[in-house]
Structure formats: C-alpha cells, structure tokens
Visitor: 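Okay, handing you the structure first.
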Amino acid sequence: MAAPMSQAVDPAQSFPALEEEILRRWRDRDVFRQSIERRAGAEPWVFYEGPPTANGMPGSHHVLARAFKDIYPRFRTMRGYRVERKGGWDCHGLPVEIQVEKELGLHNKNDIEAYGIEAFNQKCRESVFTFLEEWDRLTERIGFWVDLEHPYRTLDASYVESVWWALKTLSEKDLLFEGHKVVPYCTRCGTALSSHEVAQGYKDVVDQSVYVKLPVTTGAGPVVAGDQLLVWTTTPWTLPSNAAVAVAPELEYVRASAAGSEEVCVLAAGLVERVLGEGAVVHETFAGETFEGARYDPPFHFIASSAWGERAHSVLPADFVTADDGTGIVHTAIAFGEDDYRLGTSAGLTVVNPVGLDGRYDERITDYAGRHVKDVDGDIVDRLRADGRLLKVDAYEHSYPHCWRCGTPLIYYAKPSWFVGTSGHRQQLLDANETIGWHPEHIKHGRFGNWLENNIDWAVSRERYWGTPLPVWRSEDGADIHVVGSLAELEELSGVKLDDPHRPFVDDVTFPHPVTGATLTRVPEVIDVWFDSGCMPFAQHHAPIDPAGQATFEDQFPAQYICEAIDQTRGWFYSLLAVNTLLFDRAPYENVVCLGHIRDENDEKMSKSKGNIVEPMPVIDQYGADAFRWYFFTSKQPWDGYRFSTDAIGEGVRLFLRQLWNTYAFLQLYRVEDVEATETELDRWVLSRLAATVEEVTERLDAFDATFAGRAIGAFVDDLSNWYVRRSRPRFFAGDPGAFATLRECLETVSRLLAPFTPFISDAIFCGLTEGDAGALDSVHLADWPVAGPRDLALEEDMAIARDAVRLGLKARGMSKIKVRQPLAEAVIVATGREREAIGAHDAMIRDELNVRALRFIDSADELGSYELKANYRALGPRFGKHMPAAAAAIAALDAGHVAAAIREGRTFGVFVDGREHELGAEDVSLVMQPLEGYEVEREGNHAVALDLTIDEDLRREGWAREVVRAVQNLRKDSGLNVGDRITLALEGDEALVAAATEWQAWIAGEVLATAMSFDGAGDGAAAGSTDVSIDGLPLHLAIRTA
RNA sequence: GGGCGAUUAGCUCAGUCGGUUAGAGCGCUUCUCUGAUAAGGAAGAGGUCCCAGGUUCGAAUCCUGGAUCGCCCA
C-alpha cells in the first residue's frame, strides 16, 4: 500500500471565503490576462459587451446578464480561441439628464439653460460614474472576466469621433436626412418624451368628444354633394389643422339619416345606431373604397386647402381605420398623430403645423392666435355648433398620457427630426437577421423579425444636452449643409481644436461652407444614445480614425456572441444591427442569447418602487458567487425568466456544490501516490460516463445551451458521488491506487467542464488536484477544454440494468420491512438475454447492495407470477389506425403464457382483428408481470426481482454480527476516534448474541479495526467508550479502548 | 388594440416524433443505510397538464377560440 498523502480539505469549507481566496490568487497570478495571452495568435472569438450605465446600483438581473456574458467566453478560451473582452459604459442620454435634473432641482429645459449647459453637462459626466466602484466590485466578485481597466466609454472624444464618422458616412450614402417625427410632447416642459416616460404618465381623464359634420362638395361613388361625412375626435383643437379624412377600404359604410331628419350622413354601417340614435334610416350600404376621392368642405378655413396639396380635404384609404369607436371616418391632422402623419406623407400632403413649441397657435389661426391649444377646445366646440357643423358632443373617458414631471396633458406633435434611412434597407436588415443564431430561436422570425418587417426610418436626433452632438452644420437659410466626420476635419474647416466635443463647446464652432462660403453653424440636436451603442463595434477602438484601432476592429468584427435581456430587441440588438448593416452590409453579431426578467418570490416584477429588489451582495456573502451563477445557469432556460428566491440558491449549494466538494475532500483524505493502477469495471464505467458527459457538455455549450450542459454535469457528479465513490469505498480504505487515479481523473475533468460555470470552486479543485504535478498550471482557466475519452456504451447500459435490478430489490426490501442489514438467502431475478448477462456480470455488486447471499435467474416469470399482455400502441397505432382499440382488446385477450413462450423462442404469433389474422412479433407487445403471493416481488417492464424472505438461524446470526459492527462503529464515532485508530473490543450480554459475535469474530474485528476481542466485558475502567445496546430485543454491553 | 412568449404536484422545473399508468428535485409523513457527505436508498401523500372546442384509433404535446401573467409596440 502506498503512503497516504493526506491534504486537509475541510468538508464544511465556506464557499464565499474560498471564493475570496481564489480572487486573490487570480489577482496575484494575473490569471485573466494570462488566459488571453496564452491564446495570442489563435483564432479570435469575439464577444461584445453591451454597455450598462453606472448611474444606478447593479442588481440581481445584472448578475444574471454578467454570468451569461462570462460563461461562453470562458468556454471558448478553453477551447483554444483568443477571446478579448473589452468592458464598456453607456454614458449619454436622457436618463442621466433626468437624474441630474432631480439632484439640482431643475424642472425643464429653460431651467437647464439658465443653470448653464456647460455646468449641467459636467454634472452629467460625473453622475454617469456614480456607482462605478460598486459595478466594478460586483463584476469582479461574481467572476465576470472583462477588461475593466480599458473600457470604452461613449462620452470619450475618441468614441464620439467614431460616431461622427458613422453619421458622415451615412450622410454620404444619403441615409441621413431631415424630416418630421410625431412625438409625444409636453408643451410646458418644451420637450418630447421617450416612450418609457410616456408609459409612466397615463391617467384616466374625461375629454369632450365631438362628432363633426363635413359637407361633401364633390361626390364619389354613392356619396353625393351635400351628404355629410361624419368624423369624431377627442381633440377639437386639431380640427383647424384638418387635412383629410380616412376610411377603411374594406369596411361597410352607409348613407343614413337620423329619425325624423332629412340630412344624409355617411358613416360606418356598424355605428349607425350608436351615432345617429335609434330609428335611423339607412338609405344605402357600400364599401369604403367606393367613395375614395370625394371632397368636402373643411371645418375651418384658417389655412388654405392648397397649403396641404392636391389631395387635401378628400377621402383617403387607410389601414388603421376601424369601426370600434367614432364614426369609421377618421379626421386627419397630419402634424398631430402618428397615423395621420404616415397617411399624409404617403398621400403626398405637406406638413403644416400652426402650433408652436409652446403649444400656442401661431398667427395663421387668426381667431385663436397666441392661445394654448388645450384652452381653445371649448371655443372650437361653440364655433362648430354656431356653424351648424356639430352633430353632438359626448363625454369620453379614456386613458391619456400626461407629462410624468409636470402633469400637463401631452400632445402628439410633428417635430422636425433627423433620420437615418433604415426603411429603404429593410431587406438588407432582414437578410442580415437570417445569418444570426437567436437563442431562443423564436425571436428571430418572431419579435425581432416582425420588428424589422415593419421597419420605419430611425429618428436619431434629440433636442437635449448630454449626448453625442449631431455633427451637422448648416447655413442660416438651410440651403447649405455640411456633415463633419472627425475632429480633425472640424479643425481644418474652422481652425478650432476641440478637446471636448460635447455641448456647449461644439455649438460655438462655425465655419464657412467649403463651396458656397455661407457661414455654417451646428444644428442644436444631440443624437439618440442607441445610436451611440450601435456604433460600439468600431467606436470602442476609435476606428477607422485611429489606424491601430481600425486594425483591431477588423480583427474583432463581427462578434460571435452577444447577450442581453429581451427588451433589447428594440434597443441594442436593433441599433447594432441597423448601424453596422447600413455601414458594412453584414450583421455585426452571429449569436445572441436573450435573457428573460427576474421576478421575486411572489412572481412579481422586481422594481425599485415596490422595494422587492434582491441586492446581489448579501446573496453572495451567504452562498457565494458560484452558487448564484449555478442557479442562473441550471435552474431554467434563461430566456423564460426567473422566479427568484435565495432558498433556491441554497438548494443548489447543498445538492451540487457541497456534494462535489465533499467528493473532492474524500479523495484528498484517502489520496495515495499515483502509481501503476489496475482498472476495475466500475472504473471503466465511470470513465465512460465521464466521456459521455464531456461530449454532451461540449455539444450543449456549442449550442449556447448552458442549462442542459450544467444539468449534465450535475447528473454526472451525482453518479460519481452516489454510485462510483459509494461502491468503491473499500478500495479507497485499502489504498487502491486505481480507485484514486480514476476519481482524480473524474474530478479533474469535472473541474474543467465546470470552469465556465462556477469559476471559483472549479479552480480550487483543479489546483488542489494538480498542485505539485510537473508543469502544473496556475489555474483551471488556463487549461484546455477536455477531450472526450472512449465510450463503452455496452457497459453503460449494463450498469444501468444492474442499478435497476438493485433499485427493484431495494424496493422489495422496503415492502418486506426486512432491513437491509439482515442478510437474505437469495434474490430471484427474472431476466433474459442481454439483461441477464448484464446482471450476472455485476453479481457481486448486486448481492452486496441487496445483502443477499445468492442471485438466482429464471427465464420466465411463471414461477413468480403471471403475465399480463399489453399492446404497444406506438408500434401498432400506425398499422391498425382506427382499429387500434379492437386490436388492443384482442391482444389483451390472448393467452399471455403462450405469447411469452413464443417470444422467448423468437417466434411470431397471430391476432384476429377486423376480419383477418395479423402477425405480431416481440416488438408489438409488452409483457408485464403480475406478482404471485408468497414472494416479495417488484416488477418493472420486462424484468422483476423477488426476495426469498426465509431467515434461517445462520442468516440470523450473520445479521446479528452486522448489528454488532454497526453498534461498535457508532461507539467509535461517539467516542471521537479517528477512522484509522485501532481498538480492542470487549462485549458481553445475551448468550445467543455473544455466540454469533464469536462465530463472526474475525470479520467483526476486521470491520471495526479491532486488534483483540474479548467476551467478558472486562476493563470498562480504562475504556475510550462503552454502551448498552439492544439487538432484536436482546441486551449487549460494548466497551472499546484504543490499542 | 397589435405582436411575441409563458401557464404541468404545495414550491422549482423536465417531458423526445402525438402512444400504454405524466416524471424529477425540494418540502411533508414513515422507514432505512452510513469509516467522506448538510449526503444516500425505499415507501406514502400530493395532478382538471389554465379553460372550451376541434383534428386523431390515441392529445400535456397539433389546430382554433378564450383566460391569466410577462415583455415589446400602439
């Protein structure tokens, strides 16, 4: 026996403490940097970090994202790729501004400008990194390896410059232009609101809804001059801006009159009663498309029809019109609604907007000029009534958006905006999407694909302060425009060298147009932060402006992998795709993992306002980062979202990490020198299972399926601990080097497989195992991914069959109420062919597990019970079709014994169904055993295990001997002896017990490490421990002393 | 209002191509085993597979409609 090489591993090791130790080691050995440098020159595998903003504390959902951002790069690094990972921070944008406004007590844009843009932006710049330290600390603590020392920051001049390059390049392709965008707008704050802000401000309000008559001047189809088109609106103030009306081409309309009225109104058929009241008379019914082109007299004449264009004040077809409410004819004011605007532009109408940014009518609306639109609603209704244009007024209760800051009702308003022309490249975007591997798959043609199908031009300008300035300079008359692509170009044009390209500094720079000489000043807008982040593949390297950065970009484009939460389909997933497809005509990423959201224990969304946020650090302090990560990886598919509870994390620790750690501690406890070893069948089995696990984990991780990969490792560790180690215990106690070598190989390989999942514990185990080896690595994260060894499929299957037999036997034991410690004479096993061979090959193991002296095989269950015959639906269903029930009945009625005999002899047999004979084979039926009285039989499928429950005196005495051993072992443990301590044992008591112990003396002594045994109870005085026990109701006194 | 997804045991989740009696872990009750383990083994209790139709010899699984929840959009 080789000398033990015990290295103390504490089975109760605190994992958080262990992780801190590993972190120190990573820092000391610079493991992250080493892991990349080892792969210098290797093929790159590229990950892009979607930048968070560090102006809020990181939460548990960030741990989720960062865990998934980490696992695949680690895996790919181990597989030999060079995976550089640059961190990044998203620095600009409205959320930052709002945060600062709150801090400074500013309420609107006027306040900001009074405070000063320079000072305000300086505050924004500081605010962005408020929680940088917390972010960095969490990132490191959870083992997310990313370069935090050289992150890209969207506020850096170099980054901004690359974004400018992108905008200039797009403008050179005629993809940057000015147009209008209808936005939710607060007239008091003078600002448009983001959809997120709008969503915060919905309130239920009661508005006046008016039904307005528009007399037809030129008929079309069934509609004739003098008919009244009925329109409905909840915003009377938009009526002076009426440009056209819209109808649904397929919908049914009528000409109808209210009871007792001569006047003919036109409206949707389904709304007649609701609008005109009971008893209305319908004159004619027709489709909407039949009166397209009819012209009408607008409700007001402040603005001439000709100002809108050719098709002003006519009936236009539109797909958004419904008969759900209103009249089925929709009043269209192009500047004041998204649908209206789309309809207007597609009909070739010009945008005329007589409402100023302050929400007041301009001089064109003479009667109401200078008044706020919402204050004019009442006057307009009065005027319509006086003009005979008003059919009726209703109160209308609906949910309407208000400014979340000041409570003012928002208006939808067409503002001049700069656009990136994505819609013209829709097909290109769709083609690029086809090249992307989405996880889960359904996003590709579902949520994301649909979004691309309906792509509209991207409004990229924002009338704000803290953002990348839009690099467009133009002359006062708007005729001359120049887009600047770099700071150098700006300097060349203007002579001004800007260190900080942000507002307000950039606003002061003017220069003459290179051709016309007109003085150009910058437009005031900054750009959408999503455009910033979409530029990240090249802007993070200052490409293409910096030649070295350009080289890096070319090396690192496109990404093989990105990962963010599902809400990024309209965010970063889109902005990345749009910017880079337009610039480079290819998708910037090849694979995406889309994460779901985390909900709390009560299945409610975590939010600051509800106060149900789970802070990550306390969880890590309690269970550790590995436990946190393992929960996210293996509890469910990440895109389904999580119902989060810290208890679930604790369960993972107990069932997996603790089990793994204890297996490792066991190995180190019995560790022997790695000498020439003989392999047993159990060794070969566990190594084959190991190979299977390597295969599966590799395959799953290649497919971005960490969940099933992790679960496969979990299943293997369970097999390793609860079968291999348990069955091999005697070999470990005996110092068998073969057992040690096998267990070591399993654990070492598991530590590699696990490295991307739980980087801390895997590293601790790996280093603990390899320490002192020649050429030992500093970390598992510098190791190569394991290569699957040979499989022995037959052996894996044999072992499964044998374990099944054990399971059935233990079940029979349980039913019989005879404890396993009591030996039985035999187990009778029903099995044939392959199964019998498998069980026979593991005879000793099964006898040991079941504690029986012999296994006896029988070919058929006839001796133990009777068969029941069942049809195999899966096999016969397609053959018998609708006669299947009859076939199943006919099979059940066959003589099971005869069929069993036929199958044993490899013959076929017949069954009479649907008027003729059908030939069946073994595959077509299953034989199920019915147990027989007298034996304890457990059956399942085609085999069964029966126990002979007769206990003779010989078996009884052996059972007693085992009870004695158990009692002594308990005593040893209670007396605080070490597992290797030798003892002398004294016992006295019931004669029969003592006789049995005497008979089994040698065996007992070996089991309990006794160098001597006496049966007189002598020497209690100097005993290390003593006890009285009762075995089968018979008394026995035990005393041990260390030898 | 539209799109996408989810709904299976008290809890967390599997469930393959449509196939016989729908599974696992946790928790609970009762046994059992123990020279690593906070572990292991066995039994029991626990199910309207969200609901309603349809297709099929056969539906947790496919189709249609609906409910509830989530996300995105309007």
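Lettering follows sequence order; numbering is per chain, from 1.
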Visitor: Evaluate whether atom CD of Glu699(A) has more than 12 neighbouring non-hydrogen atoms of other residues, nucleotides or ligands under 6.0 angstrom away.
Guide: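 It does not: Glu699(A) CD has 12 such atoms or fewer within range.
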Visitor: Just compare U37(B), C11(B), A74(B) and give me whichever is closest to any side-chain atom of Ser721(A).
Guide: U37(B)
Visitor: Quick check on C73(B): is either OP1 or OP2 less than 4.0 Å from any side-chain nitrogen or oxygen of Arg447(A)?
Guide: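 No, Arg447(A) has no side-chain N/O under 4.0 Å of OP1/OP2 on C73(B).
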Visitor: Whom does G53(B) pair with, Watson-Crick or G-U wobble, provided both distances fall under 3.5 Å?
Guide: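 Paired with G53(B), as far as the under-3.5 Å criterion goes, is C63(B).
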Visitor: Tell me which nucleotide, if any, is Watson-Crick or G-U wobble paired with C69(B) when both distances must be under 3.5 Å.
Guide: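 Base-paired to G5(B).
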Visitor: Quick one: on RNA chain B, does Trp639(A) or Ala875(A) contact a more 5' nucleotide (nearest heavy atom)?
Guide: Trp639(A)
Visitor: Which nucleotide in the list C72(B), A39(B), G35(B) gets nearest to the side chain of Asp567(A)?
Guide: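 Closest of the options to the side chain of Asp567(A): C72(B).
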Visitor: Paired with U34(B) by Watson-Crick or G-U wobble geometry, both distances under 3.5 Å: which nucleotide is it?
Guide: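 Its partner is none (no Watson-Crick or G-U wobble pair with both distances under 3.5 Å).
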Visitor: Between Arg654(A) and Asp339(A), name the one whose nearest nucleotide on RNA chain B is closer to the 5' end.
Guide: Arg654(A)
Visitor: Using both distances under 3.5 Å as the test, list the Watson-Crick or G-U wobble partner of A22(B), or none.
Guide: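 Here A22(B) is not engaged in any pair, so there is no nucleotide opposite it.
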Visitor: Using a 90° cut-off around 0 for syn, call G25(B) syn or anti.
Guide: anti
Visitor: Report yes if the distance between the aromatic ring centroids of Trp630(A) and Phe633(A) is under 6.0 Å, otherwise no.
Guide: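 Trp630(A) vs Phe633(A): aromatic centres not under 6.0 Å.
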Visitor: Considering only side-chain heavy atoms of Arg658(A), which listed nucleotide, A38(B), C72(B), G35(B), is closest?
Guide: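 The nucleotide sitting nearest to the side chain is A38(B).
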Visitor: Please check the phosphate of U34(B) (OP1 and OP2 only) for any side-chain N or O of Arg966(A) closer than 4.0 Å.
Guide: yes
Visitor: Of all the nucleotides listed (G19(B), C11(B), A36(B)), which has the minimum atom distance to the side chain of Thr663(A)?
Guide: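 Nearest listed nucleotide: A36(B).
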Visitor: Not counting sequence neighbours, list each pair that qualifies as a side-chain hydrogen bond (donor to acceptor under 3.5 Å, both in side chains) and has a residue in residues 442-453 of chain A.
Guide: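 Listed once each, the pairs are Glu434(A)-His445(A).
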Visitor: The side chain of Leu655(A) lies closest to which of these nucleotides: G19(B), C71(B), C26(B)?
Guide: C26(B)
Visitor: Compute both the distance and the angle, then confirm whether Arg658(A) meets the cation-pi test with Phe15(A): under 6.0 Å from the six-membered ring centre, within 45 degrees of the axis.
Guide: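 Positive - Arg658(A) is close enough to the ring of Phe15(A) and near enough to its axis.
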Visitor: Taking a pair as Watson-Crick or G-U wobble with both distances under 3.5 Å, which nucleotide is matched to C17(B)?
Guide: none
Visitor: Just the rounded figure in Å: distance from P of C71(B) to CZ of Phe573(A).
Guide: 16 Å
Visitor: Is Lys181(A) paired with Asp457(A) through a side-chain N to carboxylate O contact shorter than 4.0 Å?
Guide: no
Visitor: Students often get this wrong, so: under 4.0 angstrom with heavy atoms, is Leu876(A) touching a base, only sugar-phosphate, or nothing?
Guide: nothing
